[in-house]
Amino acid sequence: MLIEKDFVFDAAHFLPYVPAEHKCRRLHGHTYTVIAAVSGECTKEGWVMDFAEIAEAIQPILKQIDHRLLNAIPGLENPTAENIAHWIYERAKIKLPQLVYITVQEGLSARAIFPQRSHGQ
């Protein structure tokens, strides 16, 4: 069984390695949606894990980046959606060994998933 829990945070960033004329080179902000996916067998309670346990692992990580300039966070100097997803995953996996992937959605229509999921997963 695979379960997912959504979280939201807001932050500012700029992409330092895109061409100077690219709009993302300028400081701007996003409302990000983070989806944490956990996999496992259903317990006798009928769930993989209490969603509150996922929140306990993810919320302290997001608190570090909520309403911040992401470029100033160690490890996020180039805060693409891909790098943010990887950064969150590496920290969350420590407390959530059943974590399968992290999705970081930037606005309504663009997202990155780490690690990459194969089709059918």
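For clarity, every value in this text was computed on a predicted model and none was experimentally measured. Start at 1 with the first residue, then count along the sequence.
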Report all side-chain donor-acceptor pairs from residues 55-66 shorter than 3.5 Å, counting only partners two or more places apart or in another chain.
from  : atom 1 : to    : atom 2 : distance (Å)
Asp66 : OD1    : Asp10 : N      : 3.0

Ignoring hydrogens and geometry, is there a side-chain-to-backbone donor-acceptor pair from Glu77 to Asn71 under 3.5 Å? no
Donor-acceptor pair, side chain of Asn83 and main chain of Asn78, under 3.5 angstrom: yes
Would you call [X] and [Y] a side-chain contact if the rule is heavy atoms closer than 4.5 Å?
| X | Y | answer |
| --- | --- | --- |
| Val48 | Gln98 | yes |
| Glu90 | Lys93 | no |
| Phe7 | Thr33 | no |

If the condition is ring-ring contact (aromatic ring centres under 6.0 Å, His included), which residues does His30 pass it with, not counting sequence neighbours? His13, His28, Tyr32
Excluding Leu69, membership of its hydrophobic cluster (Ile, Leu, Val, Met, Phe, Trp, Tyr; side-chain heavy atoms within less than 4.5 Å) reads Phe14, Leu27
Tracing side-chain links under 4.5 Å among I, L, V, M, F, W and Y, which residues wind up in one group with Val18? Leu15
Sequence neighbours excluded, every pair satisfying ring-ring contact (aromatic ring centres under 6.0 Å, His included) that has a member inside residues 58-93: His86-Phe114, Tyr89-Phe114
Straight-line distance of Met1 CE to Glu41 CD, nearest 0.5 Å: 9.0 Å
Membership question, hydrophobic clusters at under 4.5 Å side-chain separation (ILVMFWY): are Leu2 and Val38 in the same one? no
Single-linkage hydrophobic cluster, 4.5 Å side-chain cutoff, Ile73 and Ile84 together: yes
For Glu21, all residues meeting side-chain contact (heavy atoms from CB on, under 4.5 Å), sequence neighbours excluded: Pro19
